[in-house]
Every structure is written in structure tokens, then in C-alpha cells.
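This report refers to the structure that appears directly beneath it.
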Amino acid sequence: MPTPFALVEEAFGVSRDQILGPQRWQPLAMARQIAMVLTMESQPYASMETLARQFRRDRTTLIHARNSVHDYCLTNPRIRVLVDEMREKVQVRLDVPRSRR
């Protein structure tokens with residue numbers, strides 16, 4: 001199963017260092033926010049603080065990312081399709097025992 005970082009790197013043509021970096025260039029910020037949301041969804045039992053540390057941010061940034069990605073998906077059908085495709089690739093089945101995944 002590909003990682004959220006790998007999916008975003010491939011889809012947006014950015015590196016992991018750029019995703020984790022401080023740049024606020026809008027396309028890069030969008031890619032970072034999508035990576036954050038995919039990471040949150042792929043690790044449903046992780047705390048917000050643990051997830052935020054993976055991105056060198058705080059938990060409020062994750063909440064903002066979730067809201068922003070939701071808005072992107074509502075206003076841009078191409079982004080919605082892209083995010084949905086990535087979600088399918090990192091989807092975690094909570095009803096299947098870990099040994100069967």
C-alpha cells in the first residue's frame with residue numbers, strides 16, 4: 001500500500017522535503033494539506049499531535065488542512081477525483097483483522 005507522501009509526491013510532482021518544508025506557495029500548500037488529510041485517514045487511531053509531528057506542524061494545522069481539502073473537493077471536481085483516487089489507495093479497512101490486510 002503506497003504512503004500518502006508517495007501518492008502526493010507523484011500526483012503533484014513535489015518532494016517529501018517540500019511537503020514538510022515551510023513554503024506557502026499555493027500549489028505546494030494544497031499538496032501538503034492533501035498529504036495531511038490522507039495521513040489522518042490512513043492512521044485513524046493516531047492522535048492529532050502524533051500526526052502533526054510527522055509534518056512538523058501542530059494539530060490546528062491538521063484541522064485547517066481537513067477543512068481546506070473539503071473545500072477544494074467541493075469547488076474543484078478535478079481535485080475531488082484526484083483526492084478520491086488517492087483515498088482509495090490508502091484506505092484502511094477497520095473491520096478486517098490486521099493479519100488479512
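Sequential numbering from 1 along the given sequence is applied to the chain's residues. FYI, side chains are in, hydrogens and waters are out, and symmetry mates aren't considered; it's all heavy atoms of this structure.
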[X] side, atom [atom1]; [Y] side, atom [atom2] - distance, nearest 0.5 Å:
| X | Y | atom1 | atom2 | answer |
| --- | --- | --- | --- | --- |
| Leu62 | Glu49 | CG | CD | 9.0 Å |
| Arg32 | Ser68 | CZ | OG | 12.0 Å |
| Asn76 | Leu82 | CG | CG | 9.5 Å |
| Leu7 | Thr39 | CG | OG1 | 9.5 Å |
| Leu51 | Arg57 | CG | CZ | 14.0 Å |

inquiry  = With clusters defined by side-chain heavy atoms of hydrophobic residues (ILVMFWY) lying less than 4.5 Å apart, directly or transitively, does Leu20 cluster with Val14?
reply    = yes
inquiry  = Do Val81 and Val90 land in one hydrophobic cluster if side-chain heavy atoms of ILVMFWY residues count as linked below 4.5 Å?
reply    = no
key: Gln33 (side chain) donor-acceptor with Val69 (main chain) under 3.5 angstrom   = no
key: Steps toward side chain to side chain donor-acceptor pair (under 3.5 Å) verdict (Gln43, Gln54)   = CA-CA 12 Å; Gln43 299 176 33; Gln54 293 179 33; 3.1 Å; yes
Does [X] reach the side chain of [Y], with side-chain heavy atoms less than 4.5 Å apart?
| X | Y | value |
| --- | --- | --- |
| Val37 | Met40 | yes |
| Arg66 | Met36 | no |
| Phe12 | Ile19 | no |
| Met48 | Thr60 | no |
| Leu38 | Phe5 | no |

Indicate whether any N or O donor in one side chain lies under 3.5 Å from an N or O acceptor in the other, for [X] and [Y].
| X | Y | result |
| --- | --- | --- |
| Glu41 | Gln91 | no |
| Ser47 | Thr50 | yes |
| Asp17 | Ser15 | no |
| Thr61 | Asp58 | yes |

inquiry  = For Arg80 versus Cys73, what's the shortest heavy-atom pair and its separation?
reply    = NH1-O, 3.3 Å
task = Measure across Pro4 and Ala35 and return the closest heavy-atom pair with its distance rounded to 0.1 Å.
result = CB-O, 4.0 Å
Residue Gln23 excluded, over 12 heavy atoms near CD under 6.0 Å = no
